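This structure is a prediction, so every number in the text was calculated from the model and none was measured. Order of the sequence lines sets the chain letters (A, B, ...), proteins ahead of strands, with each chain counted from 1. Excluded from the calculations below are hydrogen atoms, water molecules and symmetry mates; all remaining heavy atoms, backbone and side chain alike, are included.
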Amino acid sequence: MKIREVFCKIIIEGVKEAFSGIEINEIDIERSVVFPAVGHADISSSIALRIAGRLRMKPSDVASKIAEKIKAKSPISGIETSGGYINASIDETIYGREVVAEVVGKGSSYGSAEIGKSEKVIIEYPSVNPNKPWLIGHLRNALLGDSLSKIFSFCSYSVEREDYIDDMGLQMAVLLYGNVGKPPEEKYDLFLGERYAKISKEIENSNAEEKVNAILKKMEENGSRENLEVRKIAEDCVMAQYQTAFLYGVQHDVLMFESDILKSGLFKKAMAMLDKNGMLKRPSEGKYSDCVVLDIGEGKVLVRSNGVPTYLAKDIAFHMWKLGLINEKFKYRKFITQPDGSIAYASSDNGEYMKFGGAKRIINVIGSAQSLNQNMLGEALMAIGAESGSIMHLAYGEIELKEGSLSGRKGEWLGEEVNYTADDLFYETRKRVDKLVEQSSKAGKRAGVEGAAEKVAIAAIKFEFLRIDPLKKVTFEWERALDLNASSGAYCMYMYARASGILDRTGGVELEKIDYSKITRGADFELLKLIGNADEIVKKACIELKPNVIAEYLLEISSAFSRFYETLPVITGGDSKNARVAIVMATKQIINNMLNLLGIEASERM
RNA sequence: GGGCAUGUAGCACAACUUGGACAGUGCACCUGGCUUCGGACCAGGUGGUUGCGGGUUCAAAUCCCGUCAUGCCCGCCA
């Protein structure tokens with residue numbers, strides 16, 4: 001519902017009529033409009049306060065002068081002023097009808113904001129090396145990327161979800177040096193992680209760094225034994241990692257293997273392009289002698305003195321491809337079929353040409369620790385003509401588990417740091433949710449519902465990871481995540497299930513039969529106001545790259561719905577029944593749509 | 001030393017980009033409500049010098065300057 005637009009228009013016209021002499025920015029007016037706290041008004045503008053100074057008038061006089069000129073326009077019913085504010089009330093009958101009609105009409109697309117206009121955006125996540133399992137930090141990355149993909153799709157962008165596989169890094173050479181061998185029965189990524197930790201310790205103790213470097217060089221020779229072997233290990237590892245991804249419902253469109261990028265002509269073209277733009281230096285002395293250096297700030301090595309390119313160099317080349325600054329064609333083959341039936345493709349030299357890459361805009365979900373690198377990358381790309389704003393870095397903070405809270409594997413095999421895998425997190429959560437369900441069914445509160453515990457476990461984790469501003473550090477605590485009341489994913493799911501339950505008993509309602517005049521100015525109207533604001537919320541989440549905006553909104557809706565059915569009975573609502581059923585229908589839809597954006601599946605029963 | 005980020009009630013968060021009405025929400029704590037559409041609930045209450053100090057403004061959690069605390073980054077690793 002465009003109530004905000006309607007009100008803005010009224011104010012703009014009012015201001016123009018009242019003060020025709022002065023120039024007023026319409027954006028200022030739009031920014032002055034808010035939905036104030038209960039008690040003042042339904043919608044309000046502070047524009048009089050903002051321009052009073054320029055007019056050399058008292059704000060309250062400015063407000064009254066504007067208000068005099070304003071003609072209320074449906075669904076805005078009344079205008080009054082208060083201390084410089086221009087306040088309006090909304091007609092709940094008309095507004096309720098419009099919101100309900102829109103939600104029912106649009107269904108699962110209600111709340112979408114058409115700001116993307118089919119523009120292509122590539123979202124890259126989760127950047128896990130193919131030598132270990134997903135840890136909880138990688139999980140936060142993946143969940144952010146997954147949710148962001150959904151939000152951008154919802155905003156009518158054409159989203160390409162991409163997974164970059166670094167199968168040519170030093171960590172892979174380390175594995176080759178130690179001779180990986182075959183795993184017994186363990187999950188392959190876990191097995192590799194453990195092997196990797198052991199082998200790196202061996203290397204450290206025996207000063208074998210040079211041998212590892214030699215392997216690294218051989219790995220890069222196309223078709224060499226090392227080259228083939230390392231690709232096999234990487235693919236097997238990614239396969240295992242995707243079991244974890246699917247557990248959490250995380251999916252991709254394409255996997256780009258670094259080895260394929262190196263084989264292509266992409267890197268050479270990229271270096272030539274940088275050179276042409278005067279971005280490269282080749283110092284013959286000093287600390288960077290015999291290297292190729294990126295000429296930004298104090299400089300950054302792109303090609304080492306032994307001729308091997310660095311990570312940043314490869315990343316720059318890759319991003320030129322992502323942005324379509326270089327047209328390099330890659331071949332792809334089917335990698336894996338995902339839970340929703342879609343196929344994730346992988347770059348490969350024995351596949352077919354497909355159209356990936358070449359987006360107007362790219363988003364990299366990468367830890368805030370890499371901000372410096374991402375800035376360098378951005379600067380280099382701008383220097384050769386990338387549009388400003390075309391590359392965005394969603395930097396996210398670390399995630400830690402509160403001490404002693406996971407009974408699973410501690411992950412000391414990853415080095416000294418204690419860490420946990422995303423798999424362990426899931427199984428532990430699942431176990432705890434089962435216990436909670438068991439306790440509450442023993443207490444006679446409810447019967448356990450088949451399959452619900454798993455959904456609740458996933459929802460609890462996702463909501464806990466996504467409810468916080470990405471930039472901030474997250475400390476995962478069981479007591480909070482598994483507190484299934486307000487402020488949790490389970491609470492939102494519960495409200496959805498309640499709405500379903502009510503609709504089961506009432507059987508829905510035909511739109512034509514609804515008597516909207518039965519909408520009161522109570523909890524029903526408060527709920528409708530929230531529901532009507534969905535597209536603004538979604539837009540904000542999209543523009544600011546913040547899924548937590550959606551989580552916040554979901555909690556508000558859920559809590560408003562709870563207040564609604566507590567105070568206004570639906571089934572026994574008499575004349576008001578139909579209108580209330582319609583509100584329940586709208587609520588169910590909006591909760592479903594918003595949960596989807598967080599990657600959480602709602603269920604009818606739990 | 002330089003750069004980036006964070007600092008809001010006992011705890012966890014929101015509002016900061018775009019300055020506006022008493023700084024919102026949940027947990028915890030206190031009080032009340034289940035023969036009433038599923039109590040994983042609701043109503044009410046206690047709790048805040050928005051790290052600190054200046055400045056700009058009619059108006060500052062929000063903008064500017066300074067300062068303190070915490071975290072991260074500053075490699076021919078990725």
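Comparing A21(B), C74(B), G38(B) by their nearest atom to the side chain of S82(A) picks out A21(B). Residue P36(A) places its side chain closer to A21(B) than to any other of C74(B), A21(B), A40(B). Checking C37(B), A21(B), C13(B) against the side-chain heavy atoms of I502(A) singles out C37(B) as nearest. When distances are taken from the side chain of M606(A) to each of C37(B), G38(B), U17(B), the shortest belongs to G38(B). Between C37(B), C27(B), U6(B), one nucleotide has an atom nearer to the side chain of L471(A) than all others, and that is U6(B).
As rounded to the nearest Å, A60(B) and U56(B) have C1' atoms that lie 10 Å from one another. Between U25(B) and U8(B), the distance separating the two C1' atoms is 13 Å to the nearest Å. Straight-line distance between the P atoms of A59(B) and G19(B): roughly 15 Å, to the nearest whole Å. With C1' as the reference atom, C27(B) and C34(B) are 23 Å apart, rounded to whole Å. Nucleotides C64(B) and G45(B) are separated by 40 Å at their C1' atoms, to the nearest Å. Distance noted for atom C1' between G38(B) and A21(B): 40 Å (whole Å).
For D61(A) and K65(A), the salt-bridge test fails: no basic side-chain N is under 4.0 Å from an acidic carboxylate O. With respect to the salt-bridge test (charged N to carboxylate O, under 4.0 angstrom), the residues D524(A) and R580(A) do not qualify. Salt bridge absent: E220(A) and K217(A) never bring a charged side-chain N and a carboxylate O closer than 4.0 Å.
Each of L143(A), N548(A), L554(A) was checked for a side-chain contact (heavy atoms from CB on, under 4.5 Å) with L598(A), and the lone residue meeting it is L554(A). The one candidate from K314(A), K322(A), E258(A) that meets the side-chain hydrogen bond (donor to acceptor under 3.5 Å, both in side chains) condition with Y164(A) is E258(A).
Nucleic acid contact class of T310(A) (heavy atoms, under 4.0 Å, all strands): sugar-phosphate only. As judged by a 4.0 angstrom heavy-atom cut-off over every strand, E604(A) is placed among the base-contacting residues. Residue-level contact check: S44(A) touches the bases, meaning some heavy atom is under 4.0 Å from a base atom. Using a 4.0 Å heavy-atom criterion, one finds that K540(A) contacts the bases of the nucleic acid, with or without backbone contacts as well. Among the protein residues, I47(A) comes within range of no part of the nucleic acid, since none of its heavy atoms lies under 4.0 Å from any strand. Residue contacts shown for L372(A) are limited to sugar-phosphate atoms, with no base heavy atom under 4.0 Å away. Within the nucleic acid shown, S289(A) comes within 4.0 Å of at least one base atom, counting heavy atoms only. In this structure, A395(A) reaches neither bases nor backbone, as no heavy-atom distance under 4.0 Å exists between it and the strands shown. Within 4.0 Å (heavy atoms only), D28(A) reaches no atom of the nucleic acid at all. Among the heavy atoms of the strands lying under 4.0 Å from K287(A) is at least one base atom, whether or not backbone atoms are also near. Contact annotation for D315(A): no contact, since no heavy-atom pair falls under 4.0 Å across all strands.
Figure legend. C34(B) is base-paired to no nucleotide; pairs are counted as Watson-Crick or G-U wobble with both atom distances under 3.5 Å. Across all strands shown, G48(B) remains unpaired; no Watson-Crick or G-U wobble contact has both distances below 3.5 Å. Nucleotide C77(B) has no partner under the Watson-Crick or G-U criteria, as no pair reaches both atom distances under 3.5 Å. Using the Watson-Crick or G-U wobble rule with both distances under 3.5 Å, A5(B) pairs with U70(B). Both distances falling under 3.5 Å, in either a Watson-Crick or a G-U wobble arrangement, occur for no nucleotide opposite A61(B).
Of the side-chain N and O atoms in R31(A), none sit less than 4.0 angstrom from OP1 or OP2 of U17(B). In this structure, N375(A) does not reach the C4(B) phosphate: none of its side-chain N or O atoms is under 4.0 Å from OP1 or OP2. Look at R505(A) and you'll find a side-chain N or O under 4.0 angstrom from OP1 or OP2 of G38(B).
Whole-Å rounding puts the I600(A) CD1 to A40(B) P distance at 19 Å. Between the P atom of C77(B) and the CG atom of N373(A) lies a distance of 13 Å, rounded to the nearest Å. Between R50(A) atom CZ and A21(B) atom P there is a gap of 11 Å when expressed in whole angstrom units.
Around atom CD of E604(A), more than 12 heavy atoms belonging to other residues, nucleotides or ligands sit under 6.0 Å away. Residue-environment remark: CD (E601(A)) stays at or below the threshold of 12 foreign heavy atoms within 6.0 Å.
Expressed to the nearest 0.5 Å, how far CG of L527(A) lies from NZ of K529(A) amounts to 11.5 Å. In this structure, N25(A) CG and E30(A) CD are separated by 8.5 Å, a value rounded to the nearest 0.5 Å. Atom CG of L274(A) is separated from atom CD1 of I316(A) by 5.5 Å, given to the nearest 0.5 angstrom.
In terms of polar N and O atoms assigned as donor or acceptor, the side chain of E544(A) comes within less than 3.5 Å of the base of U17(B) in a complementary pairing. Residue T572(A) places no side-chain atom within donor-acceptor reach of the base of C37(B), judged by atom type and a 3.5 Å distance cut-off alone. Applying the 3.5 Å distance criterion, the base of A21(B) shares a donor-acceptor pair with the side chain of N87(A).
Closest approach of I66(A) to I86(A), counting heavy atoms only: CG2-CD1, 3.7 Å.
A donor-acceptor contact shorter than 3.5 Å links the side chain of D167(A) to the backbone of S259(A). N141(A) contributes a side-chain N or O that, together with a main-chain N or O of V365(A), makes up a donor-acceptor pair within less than 3.5 Å.
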message: Does E566(A) form a salt bridge (Lys or Arg N to Asp or Glu O under 4.0 Å) with R563(A)? I'd like the steps, not just the answer.
response: CA-CA 5 Å; E566(A) 198 80 22; R563(A) 240 167 283 138; over 6 Å; no

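Interface residues of residues 549-556 of chain A facing RNA chain B, ordered by number: E552(A); criterion, heavy-atom separation under 4.0 Å.
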Distances for protein N or O near nucleotides 41-46 of chain B N or O, under 3.5 Å:
unit_1	atom_1	unit_2	atom_2	d
C41(B)	OP1	A486(A)	N	3.2
C41(B)	O3'	S562(A)	OG	2.9
C41(B)	O2'	S562(A)	OG	2.9
C41(B)	O2'	E566(A)	OE1	3.4
C42(B)	OP1	Y491(A)	OH	2.9
A43(B)	OP1	R563(A)	NE	2.9

Protein and nucleotides 8-11 of chain B: nitrogen or oxygen contacts under 3.5 angstrom:
none

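Side-chain atoms of S44(A) and N87(A) include a donor-acceptor pair closer than 3.5 Å.
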